Amino acid sequence: MFHQVACGAGRRVVSFFGSATFKSSRVPFLRTLTMAAEKRFEMGEEVAALRKNYESAPFTEDQLVSDRDPIAQFDNWFSLAKETGTTYEEVNAMTLATCTPDGRPSARVVLLKGYGQDGFRFFSHYDSRKGGELSANPFAALVFYWPALNRSVRIEGRVERLPADVSEKYFHSRPHGSQIGAACSKQSTVIESRDQIAQAYSDLATRFPEGTDVPRPDHWGGFLVRPDAIEFWQGQSSRLHDRIKFKRSDDTEGAWAVQRLSP
């Protein structure tokens, strides 16, 4: 039987106690439970009060680098982000969202490692969770956020693997330790402890010391996101944000159309 106990104005604690009368020993427990619930409520209010007032000049269509080339606009914003970035920001950090064939999404932060008219490039393990989802459902979304500029960019498109020679070249341009780390990890798989991966790293570093070539594993390489939609977001006061979206047409030419979205 359920029993309800009033705990402060408008608040109730629902109990599963079997008797209709509460024993005195249960009262401290209920008080503790109520205090914990109230504390969580207060913490929620505190988080809800966090707010940044964006102060930015309006972002209008006449400020676009080109109304036909969103990559040129991205290059403009990305270059400015690099110039204004602080020591604790990675301007090439982006959220990568993938999805299983049945629609279950997942997201993580990865690093952009190149962009051009063909799209946006990053590198990872093909056998990781993201790699598996991209193999089964080759579409993804990217999000950049540069708080110093009150700007964000959203990208959506089809994903494909980069050629092996491109992955090979980039892999061997990385620091030696990063090559070892990528080669010894079976990303996203369960391991018993940190000691396990540390030992695997040590063993591989012994086989391939600094100055030697670390073989790129077949399960590691690059991805290319070919965009069909790119949105540029500029934060504004009173939440009247500017949102200008480039959307690729479905015709054979694949021209870009510019749209302004409501904030």
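Just so you know, these numbers come straight off a predicted model, no measurement behind them.
Note: Phe232 and Phe74 fail the aromatic proximity criterion, with ring centroids not under 6.0 Å apart. In summary, the aromatic rings of Tyr54 and Trp233 are positioned with their centroids under 6.0 Å apart.
Once rounded to the nearest 0.5 Å, the distance linking CG of Leu96 with CG of Leu111 reads 11.5 Å. Rounding to the nearest 0.5 Å places CZ of Phe122 at 9.0 Å from CG of Leu224.
Here the closest heavy-atom approach between residue Glu61 and residue Arg260 is recorded as OE2-NE, 2.9 Å. A pairwise comparison of heavy atoms in Ser135 and Arg161 identifies OG-NH2, 3.6 Å as the closest pair.
At a cut-off of 3.5 Å, with distance as the only test, a side-chain donor of Gln199 or Asp203 sits close to an acceptor on the other residue. Ser106 and Lys130 share no donor-acceptor pair across their side chains, judged by distance under 3.5 Å alone. Between the side chains of Asp75 and Tyr115, a donor-acceptor pair is found at a separation under 3.5 Å. In summary, the side chains of Arg174 and Gln179 do not present any donor paired with an acceptor at a separation below 3.5 Å, with no hydrogens or angles considered. A side-chain donor-acceptor contact under 3.5 Å links Lys52 and Asn150. In summary, the side chains of Gln236 and Asp242 do present a donor paired with an acceptor at a separation below 3.5 Å, with no hydrogens or angles considered.
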Does the pair Phe123 and Phe223 meet the rule for a ring pair (Phe, Tyr, Trp, His ring centres under 6.0 Å), with working shown?
CA-CA 6 Å; Phe123 295 82; Phe223 292 93; 8.7 Å; no
| side-chain hydrogen bond (donor to acceptor under 3.5 Å, both in side chains) evaluation trace for Gln234 with Ser56 | CA-CA 8 Å; Gln234 177 74 69; Ser56 307; 3.1 Å; yes
> Going through the checks in order, is the side-chain hydrogen bond (donor to acceptor under 3.5 Å, both in side chains) test met by Arg108 and Thr98?
Replying inline: CA-CA 9 Å; Arg108 74 289 292 159; Thr98 58; 3.1 Å; yes
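Taking the six-membered ring for Trp and thresholds of 30 and 60 degrees, Phe59 and Trp77 have ring planes inclined between 30 and 60 degrees apart. Using cut-offs of 30° and 60° for the angle between ring planes, the Phe171 and Trp220 rings count as perpendicular.
The number of heavy-atom neighbours closer than 6.0 Å to CZ of Arg207, taken from other residues, nucleotides and ligands shown, is 12 or below.
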